[in-house]
Trainee: 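Handing you this structure, nothing more for now.
Here is the naming used below: chain letters follow the sequence lines, and residue numbers restart at 1 for every chain. Since the structure is predicted, the reported quantities are computational estimates derived from the model, not experimental observations.
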Amino acid sequence: MFGLVDGNNFYATCERVFNPSLRGQPVCILSSNDGCAIARSDECKRLGVKMGQPIHEVPPHIRRQLRIFSANFGLYGDLSGRVVSVLREWFPRVEVYSIDESFVTFDGVPAEQREAMARQARSQIFQWVGIPCCVGIGPTKTLAKLANKLAKKTPHGVVTALPGSPELETYPVEDAWGVGRKLTAKLGAEGILTAADLARANPDTLRSRYGVTLARTQRELQGVVCSDLEEVEPERQQIVVSRSFGQEVTSLEDLQQAVSTFAQRACEKLRSRSLQASGVWVWLNTNPFKPGAAQYHPSKAFNFIAPTSDTREVLLVAQGLAKAMWKNGYRYKKAGVGLLDLTHGDVHQGDLFAGIDPRSQALMKVMDQANAKFGRGTMGMASSAWRSKGPALAKPVWAMNQKNLSPAYTTRWDQLVRVR
DNA sequence: TCTGGGGTCCTAGGACCC
DNA sequence: TCTGGGGTCCTAGGACCC
């Protein structure tokens, strides 16, 4: 049996943990650049703010009632780790599925004890970390997900879903895991409106019309396990860093600084996972929402002869790609850098003629260690915006808007909460 | 004025191999 | 008039997830 544990309105709840004045208030978390609502407390949902809604579309009289925050991923990630560490004490097998969701298994736990166990784990997480969770239990991950959604509507927060449960008859198919907007529309046209309808549909027709993914979802709703617990995170295939700009960028110099900064960050992520990249990919975008503005969204990739994790090498290429795509006269709103064809550092297919420069790894190691010890941005490449962290340089024009960022309560000494 | 970021998997078609 | 069988790899697009 599987369990799915997830934090209710996770980001909004994280903000409340260290700021009790937010309890009972409509809390709304904005995406990077303070654009869209990406998390809402129940009170905020009741005021009609929609998931993903651009905040400027929310009527001013509603907006004034909201407690608005810029996304503070450092805080959310840290609290997420605390939730997982409590879970590991209760369950021998845990799959961390996302920042706010984990799958667990009830191996060897008798059926009549599972819900009680889930309730205990749930109350301990609330007591120790301060995050209210719900637990869904089912014989497959898909049913556990479904049960979790049902649990949100109960006061005790724990629900079990079995194949053929009466709840499936009224459970909308679009809320099933693996059924998105497009499939909902197509299935609806065939009269498949609920999870029970999907479970009952003709499997051959489903397979041939919609592919193997939906066929698996159907089997899982019938109680057949198609997706097992993945305790070890699979190796990354790609690493992407992209941002919308706070202000539109109109000079190549600013654009290259942004691209450098993203490339540098991508390389840090790469090395933290002991990976190397064989390809780099850069793309640029103008503002698609601006009516009448000239649009341009080029993208260009480059393959290395031998995989690398050296920031200098990646940066040089990323800069070159950005320059090659640059056209005067456009107003750029977004850029991104991707690292592709990732391989593990210990399986190195070298360059027959150039060999490996041992100094490269040593240099990167020193940089990473300095940044780990003294904080991100302590050492960096001059072409990036790394120095903008210090007091001497102005904020880059492309820097994100984060007007309502809460403190790094758990990850910076100077931002700890004071108790009088 | 203001519109997120980071991923995965599947499928079909084309180019190429022997 | 007739035109094989069995593969791989790559890419683009579409769908999904949080």
Side-chain angles (χ1 to χ4, degrees), chain A residues 4-11 28-40 49-60 63 68-73 76-77 80 95-103 141-142 145 148-149 173-187 207-217 220 226-227 230 233-248 262 265-266 269-270 273 278-279 281 283 285-291 293 299 301 303 331 333-342 400-404:
Chain A
L4 178 71
V5 185
D6 95 325
N8 302 344
N9 309 326
F10 186 67
Y11 297 168
C28 180
I29 314 299
L30 301 185
S31 58
S32 303
N33 235 8
D34 290 345
C36 303
I38 56 166
R40 305 151 298 152
V49 179
K50 299 275 176 275
M51 178 65 180
Q53 186 176 18
I55 196 66
H56 70 262
E57 285 180 2
V58 175
R63 225 182 307 162
I68 291 180
F69 290 88
S70 307
N72 184 347
F73 290 111
Y76 313 150
S80 167
E95 172 188 338
V96 179
Y97 177 66
S98 75
I99 195 164
D100 69 331
E101 289 178 60
S102 291
F103 285 104
K141 284 174 156 183
T142 303
K145 276 280 261 188
N148 177 278
K149 202 141 200 166
V173 73
E174 70 236 57
D175 289 343
W177 193 32
V179 180
R181 260 205 345 262
K182 303 272 178 159
L183 281 173
T184 300
K186 289 181 192 163
L187 291 173
R207 168 72 183 84
S208 63
R209 281 193 197 156
Y210 304 106
V212 69
T213 318
L214 192 65
R216 281 202 282 253
T217 298
E220 288 242 318
C226 301
S227 163
E230 291 180 33
E233 195 191 343
E235 290 293 354
R236 281 293 179 78
Q237 300 176 26
Q238 55 176 39
I239 287 174
V240 174
V241 175
S242 78
R243 295 279 180 279
S244 293
F245 301 142
Q247 291 172 56
E248 289 171 341
F262 301 165
R265 182 76 195 112
K269 290 185 181 183
L270 183 76
R273 293 171 178 271
S278 303
W281 173 44
W283 74 96
N285 261 326
T286 46
N287 186 352
F289 298 105
K290 207 168 174 178
S299 106
N303 287 311
R331 307 179 66 81
K333 183 61 183 167
K334 186 175 180 178
V337 175
L339 301 176
L340 313 170
D341 297 327
L342 307 185
M400 276 194 293
N401 295 321
Q402 289 184 302
K403 290 196 190 113
N404 305 289

Trainee: Which sits closer to the 5' end of DNA chain B, Lys269(A) or Gly35(A), going by the nucleotide each is nearest to?
Mentor: Gly35(A)
Trainee: Nearest to the Lys145(A) side chain among dC17(C), dG6(B), dG5(B), which nucleotide is it?
Mentor: dC17(C)
Trainee: What is the distance from CD of Gln238(A) to C1' of dG6(B), rounded to the nearest Å?
Mentor: 9 Å
Trainee: For Tyr11(A) and dG5(B), what is the distance between atoms OH and C1' respectively, to the nearest whole Å?
Mentor: 9 Å
Trainee: Any luck finding a side-chain donor-acceptor pair between Thr142(A) and Glu220(A) under 3.5 Å?
Mentor: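 Their side chains do contain a donor-acceptor pair, which is all the 3.5 Å distance test asks for.
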Trainee: Regarding Arg265(A), tell me which of base, sugar-phosphate or nothing describes its non-hydrogen contacts under 4.0 Å with the strands shown.
Mentor: nothing
Trainee: Hey, does Ala266(A) reach any base, or is it just sugar-phosphate, or nothing, if we go heavy atoms under 4.0 Å?
Mentor: nothing
Trainee: Determine whether a donor-acceptor pair (N or O, by modelled atom type, separation under 3.5 Å) exists between the side chain of Arg236(A) and the backbone of Leu342(A).
Mentor: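 Looks like no, no N/O pair under 3.5 Å.
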Trainee: How many whole angstroms separate atom OH of Tyr210(A) from atom C1' of dG14(C)?
Mentor: 15 Å
Trainee: For dT3(B), take OP1 and OP2 only and decide whether either is under 4.0 Å from a side-chain N or O of Lys333(A).
Mentor: yes
Trainee: Expressed as a whole number of angstroms, how long is the span from Asn285(A):CG to dG5(B):P?
Mentor: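 Between P of dG5(B) and CG of Asn285(A): 11 Å.
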Trainee: With rounding to the closest Å, how many angstrom separate the P atoms on dT3(B) and dC18(C)?
Mentor: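 Pairwise P distance, dT3(B) against dC18(C), rounds to 25 Å.
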Trainee: Please state how far atom CH2 in Trp177(A) lies from atom C1' in dC18(C), giving the value in whole angstrom units.
Mentor: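 So the two atoms are 11 Å apart, to the nearest Å.
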Trainee: For Ile99(A), report the nucleic acid contact type (base, sugar-phosphate, nothing); a contact means any heavy atom under 4.0 Å.
Mentor: nothing
Trainee: Between dA15(C), dT3(B), dG4(B), spot the one nearest the side chain of Leu183(A), thanks.
Mentor: dA15(C)
Trainee: Quick one: label Arg216(A) by what it contacts on the DNA or RNA (base, sugar-phosphate, nothing), any heavy atom closer than 4.0 Å.
Mentor: sugar-phosphate
Trainee: Kindly point out which of dT3(B), dG6(B), dC18(C) is positioned nearest to the side chain of Arg243(A)?
Mentor: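 Looking only at side-chain atoms, Arg243(A) lies closest to dG6(B).
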Trainee: Check this one for me: any side-chain N or O of Lys182(A) less than 4.0 Å away from OP1 or OP2 of dC17(C)?
Mentor: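 Checking dC17(C) against Lys182(A), no side-chain N or O comes under 4.0 Å of OP1 or OP2.
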Trainee: Hey, does Gln53(A) reach any base, or is it just sugar-phosphate, or nothing, if we go heavy atoms under 4.0 Å?
Mentor: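 Nothing, no heavy atom under 4.0 Å.
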Trainee: Tell me: CG of Leu30(A) to P of dG5(B), nearest whole Å?
Mentor: 13 Å
Trainee: Whole Å only: how far is the CH2 atom of Trp281(A) from the C1' atom of dG6(B)?
Mentor: 11 Å
Trainee: With sugar-phosphate meaning primed atoms plus P, OP1 and OP2, does Asp100(A) contact a base, only sugar-phosphate, or nothing at under 4.0 Å between heavy atoms?
Mentor: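 Since only primed, P, OP1 and OP2 atoms lie under 4.0 Å of Asp100(A), the category is sugar-phosphate.
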Trainee: With the side chain counted from C-beta on, respond yes when Phe10(A) and Ile29(A) share a heavy-atom pair under 4.5 Å apart, and no when they do not.
Mentor: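 No; the side chains remain at least 4.5 Å from each other.
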Trainee: Do Arg63(A) and Ile68(A) touch side chain to side chain, with heavy atoms closer than 4.5 Å?
Mentor: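 Counting from C-beta outward, Arg63(A) and Ile68(A) do come under 4.5 Å.
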Trainee: On the nucleotide dC17(C), are OP1 or OP2 found under 4.0 Å from the side-chain N or O atoms that Ser98(A) carries?
Mentor: no
Trainee: Counting only side-chain heavy atoms from C-beta out, which of dG6(B), dC18(C), dT3(B) sits nearest to Val241(A)?
Mentor: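 For the Val241(A) side chain, the nearest candidate turns out to be dG6(B).
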Trainee: Output the rounded distance in Å from CE (Met400(A)) to C1' (dT3(B)).
Mentor: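 Going from Met400(A) (CE) to dT3(B) (C1'), I get 15 Å.
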Trainee: Spell out, as yes or no, whether a donor-acceptor pair under 3.5 Å connects the side chain of Asn285(A) to the backbone of Ala335(A).
Mentor: no
Trainee: Is there a donor-acceptor pair under 3.5 Å between the side chain of Gln53(A) and the backbone N or O of Ala37(A)?
Mentor: no
Trainee: Please list, pair by pair, any protein nitrogen or oxygen found under 3.5 Å from a nitrogen or oxygen in nucleotides 7-13 of chain C.
Mentor:
none

Trainee: Using a 6.0 Å cut-off, check whether atom NZ of Lys182(A) has over 12 heavy atoms from anything other than its own residue.
Mentor: no
Trainee: Where each residue is assigned the nucleotide of DNA chain B containing its nearest heavy atom, which of His56(A) and Arg236(A) is assigned the position nearer the 5′ end?
Mentor: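 This one resolves to His56(A).
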Trainee: Salt bridge (Lys or Arg N to Asp or Glu O under 4.0 Å) for Lys50(A) and Glu57(A)? Distances and angles first, verdict last.
Mentor: CA-CA 10 Å; Lys50(A) 299 275 176 275; Glu57(A) 285 180 2; over 6 Å; no
Trainee: Touch check for Lys403(A), heavy atoms < 4.0 angstrom, all strands: base, sugar-phosphate only, or nothing?
Mentor: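 Nothing: the residue Lys403(A), judged by heavy atoms under 4.0 Å, touches no strand.
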Trainee: Kindly say if Ser244(A) contacts the phosphate of dG5(B), meaning a side-chain N or O under 4.0 Å from OP1 or OP2.
Mentor: yes
Trainee: Output yes when at least one side-chain N/O atom of Lys290(A) is less than 4.0 Å from OP1 or OP2 of dT1(B), else no.
Mentor: no
Trainee: Under a 3.5 Å threshold, yes or no: a donor from one side chain and an acceptor from the other, between Thr217(A) and Trp177(A)?
Mentor: no
